[in-house]
Novice: 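Here it is: the structure, laid out below.
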2 protein chains.
Amino acid sequence: MTTYRDIFTRHGLRCTRQRETLYAALKVTKSHPTAEELHDRVRDQDAGLSLATVYNTLDAFTAAGLIRRLPSTLGSGPCRYDADTHEHVHLTTPDGRIMDVPDDLSERFLDQLSDELVAELERRTGMRIGRVSVQLVTESR
Amino acid sequence: MTTYRDIFTRHGLRCTRQRETLYAALKVTKSHPTAEELHDRVRDQDAGLSLATVYNTLDAFTAAGLIRRLPSTLGSGPCRYDADTHEHVHLTTPDGRIMDVPDDLSERFLDQLSDELVAELERRTGMRIGRVSVQLVTESR
DNA sequence: TGGAGATTTGGAATGATTCTAAGCCTTGGC
DNA sequence: GCCAAGGCTTAGAATCATTCCAAATCTCCA
């Protein structure tokens with residue numbers, strides 16, 4: 001079996017108690033928490049874990065490609081973090097929350113986008129496109 | 001012909017010198033400026049126009065649907081503004097800039113997305129989807 | 001086991017945005 | 001055209017999220 005230590009090592013990250021705690025906490029949730037929310041959620045397990053460490057750690061994870069940072073959809077407000085790095089579609093709410101689109105729909109949605117068109121875009125723009133980010137922006141009803 | 005005054009009125013906004021200046025400045029650029037950049041660009045035309053007014057005005061325009069607010073793609077950093085509200089695809093750079101995908105490609109890209117699938121998503125999630133936001137995330141090469 | 005260097009920490013600092021309260025301007029009614 | 005009512009603008013203060021700092025601690029490899 002693969003331990004968190006293994007995962008961290010493979011991504012060039014040292015294994016610390018704080019990192020294990022935070023990664024585990026992010027892995028189990030589907031809510032795309034903010035740094036503060038995550039800080040709150042690990043408080044009972046490790047009361048000394050500082051908010052600065054939460055930020056440092058999430059930055060390190062993001063840089064290593066272990067997690068994804070989701071900018072606030074509102075423009076202001078805290079960003080959110082997602083331990084699920086496989087390409088998937090997000091649903092964004094008017095109050096700034098971010099939800100996952102069910103996997104089957106997400107996949108069907110992304111499958112529609114032709115690789116050929118992406119390739120043409122790369123040719124025309126001269127830039128390499130790493131991924132296509134899709135959000136379904138919901139409105140109150 | 002349609003004046004800015006007409007446009008503002010139709011959107012329920014009063015017409016002021018500052019609003020005309022800012023809307024005109026945003027209309028002519030393709031660079032998706034930040035509030036500060038916009039403030040700089042209008043300084044020669046109206047030196048007294050305050051940064052607070054830039055923020056207030058951009059908020060009012062955004063709320064009225066006259067322009068679009070683009071959250072920083074980096075997660076931290078200032079957001080950007082776009083006077084072009086028609087659905088189009090953005091190309092985002094690693095340094096936080098946002099570029100438009102050429103219109104023909106943008107259109108071809110969005111045409112691929114089936115309305116049917118969006119409708120199914122609305123049914124399943126119970127939320128109304130206002131628009132589909134697509135960014136092509138580029139990587140340095 | 002030792003030590004180089006990465007990580008953690010609280011607090012200070014920064015950057016972007018929002019708030020506040022006072023004065024000014026726009027608008028609609030006369 | 002003139003006047004209120006209320007929206008808009010403004011500088012500066014306040015807030016919020018994030019980053020920086022420097023000292024103490026921990027991790028990992030030899």
Side-chain angles (χ1 to χ4, degrees), chain A residues 3-23 32-40 42-43 45-64 66-67 69-81 95-96 98, chain B residues 3-23 25 32-40 42-43 45-64 66-67 69-81 95-96:
Chain A
T3 61
Y4 287 154
R5 171 178 299 274
D6 295 335
I7 297 175
F8 294 161
T9 304
R10 269 205 299 278
H11 288 266
L13 296 167
R14 287 196 176 179
C15 185
T16 68
R17 177 172 46 83
Q18 292 88 340
R19 286 177 176 182
E20 288 190 319
T21 302
L22 289 167
Y23 188 63
H32 313 295
T34 66
E36 288 225 43
E37 285 169 354
L38 207 53
H39 187 224
D40 288 346
V42 302
R43 175 158 304 130
Q45 187 182 337
D46 183 347
L49 204 163
S50 75
L51 184 57
T53 296
V54 177
Y55 276 107
N56 290 338
T57 302
L58 292 173
D59 281 356
F61 286 172
T62 303
L66 236 194
I67 67 172
R69 179 196 284 224
L70 314 175
S72 163
T73 58
L74 265 29
S76 61
C79 37
R80 297 178 168 279
Y81 296 87
D95 66 340
I98 299 175
Chain B
T3 60
Y4 288 154
R5 170 178 300 273
D6 294 336
I7 297 176
F8 295 162
T9 303
R10 268 205 298 279
H11 284 85
L13 296 167
R14 286 197 176 178
C15 183
T16 68
R17 177 172 47 83
Q18 293 87 341
R19 287 179 176 181
E20 287 191 319
T21 302
L22 288 167
Y23 188 63
H32 313 294
T34 66
E36 290 226 41
E37 286 169 353
L38 207 53
H39 187 225
D40 288 345
V42 302
R43 177 158 305 128
Q45 187 182 336
D46 183 347
L49 204 163
S50 75
L51 185 56
T53 296
V54 176
Y55 276 107
N56 289 339
T57 302
L58 292 173
D59 281 357
F61 286 173
T62 303
L66 238 194
I67 67 171
R69 178 195 285 223
L70 313 174
S72 164
T73 57
L74 266 29
S76 60
C79 39
R80 297 177 168 278
Y81 296 87
D95 66 342

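Throughout, protein chains are lettered first and strands after them, A, B, ... in sequence-line order, and every chain is numbered starting at 1. All values reported here derive from a predicted model rather than from experimental measurement. Only heavy atoms go into these numbers, but all of them, side chains included; no hydrogens, no water, no symmetry mates.
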Novice: Tell me whether the side-chain N/O atoms of B:T16 come closer than 4.0 Å to OP1 or OP2 in D:dT9.
Specialist: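 Answer is yes, contact under 4.0 Å.
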Novice: Could you tell me the separation between the CG atom of B:L51 and the C1' atom of D:dA11, rounded to a whole number of Å?
Specialist: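 Roughly 11 Å, once rounded to whole Å.
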Novice: Return the polar atom pairs (N/O with N/O) between nucleotides 2-6 of chain D and the protein under 3.5 Å, or none.
Specialist:
residue, atom, partner, partner atom, Å
D:dG6, N2, B:R14, NH1, 3.0

Novice: How many Å lie between CD on A:E36 and P on D:dT19, as a whole number?
Specialist: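 The answer, rounded to whole Å, is 13 Å.
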Novice: Could you report the tightest heavy-atom contact between A:E20 and A:C15, atom names first, then the distance?
Specialist: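 Between these two residues, the closest heavy atoms are OE2-SG, 3.4 Å.
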Novice: Would you mind classifying the nucleic acid contact of B:T53 as base, sugar-phosphate or nothing, using non-hydrogen atoms under 4.0 angstrom?
Specialist: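 Answer is base: heavy atoms of B:T53 come under 4.0 Å of a base.
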Novice: So, B:Y23 versus B:F8, ring centres under 6.0 angstrom or not?
Specialist: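 Ring centres of B:F8 and B:Y23 closer than 6.0 Å.
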Novice: Does C:dT7 have OP1 or OP2 sitting under 4.0 Å from an N or O in the side chain of A:T57?
Specialist: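 No, no such contact exists.
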Novice: Are A:R19 and C:dT8 close enough that a side-chain N or O sits under 4.0 Å from OP1 or OP2?
Specialist: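 Checking C:dT8 against A:R19, a side-chain N or O does come within under 4.0 Å of OP1 or OP2.
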Novice: Could you say whether B:R17 or B:A35 is positioned toward the 5' end of DNA chain C, judged by the nucleotide with the nearest heavy atom to each?
Specialist: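 Counting from the 5' end, the first nearest nucleotide belongs to B:A35.
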Novice: Is the phosphate of D:dC26, meaning OP1 or OP2, less than 4.0 Å from a side-chain N or O of A:Q18?
Specialist: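 Negative; the distance criterion is not met.
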Novice: Could you state the CG-C1' distance from A:L58 to C:dT7, rounded to the nearest angstrom?
Specialist: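 The answer, rounded to whole Å, is 14 Å.
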Novice: Between C:dA16, D:dC20, D:dT18, spot the one nearest the side chain of B:P78, thanks.
Specialist: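 Nearest nucleotide to the side chain: C:dA16.
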Novice: Want to settle it: does B:L13 or A:Y55 sit nearer the 5' end of DNA chain D, counting the closest nucleotide to each?
Specialist: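 Nearer the 5' end of the strand: B:L13.
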Novice: I need the CD-P distance between A:E37 and D:dT18, as an integer number of Å.
Specialist: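 After rounding, the reported distance stands at 11 Å.
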Novice: Mind checking if A:N56 touches a base, just sugar-phosphate, or nothing, with heavy atoms under 4.0 Å?
Specialist: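 Counting heavy atoms under 4.0 Å across all strands, the contact made by A:N56 includes a base.
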Novice: Less than 4.0 angstrom between a side-chain N/O of B:R5 and OP1 or OP2 of C:dT26, yes or no?
Specialist: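 No, because none of the side-chain N or O atoms of B:R5 sits under 4.0 Å from OP1 or OP2 of C:dT26.
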Novice: Hey, which of B:T57, B:L66, B:I7 is the one that makes side chain to side chain contact (heavy atoms under 4.5 Å, CB included) with B:R19?
Specialist: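 Checked B:T57, B:L66, B:I7 against B:R19; only one passes side chain to side chain contact (heavy atoms under 4.5 Å, CB included): B:T57.
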Novice: Quick one: label A:S76 by what it contacts on the DNA or RNA (base, sugar-phosphate, nothing), any heavy atom closer than 4.0 Å.
Specialist: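 Sugar-phosphate contact only.
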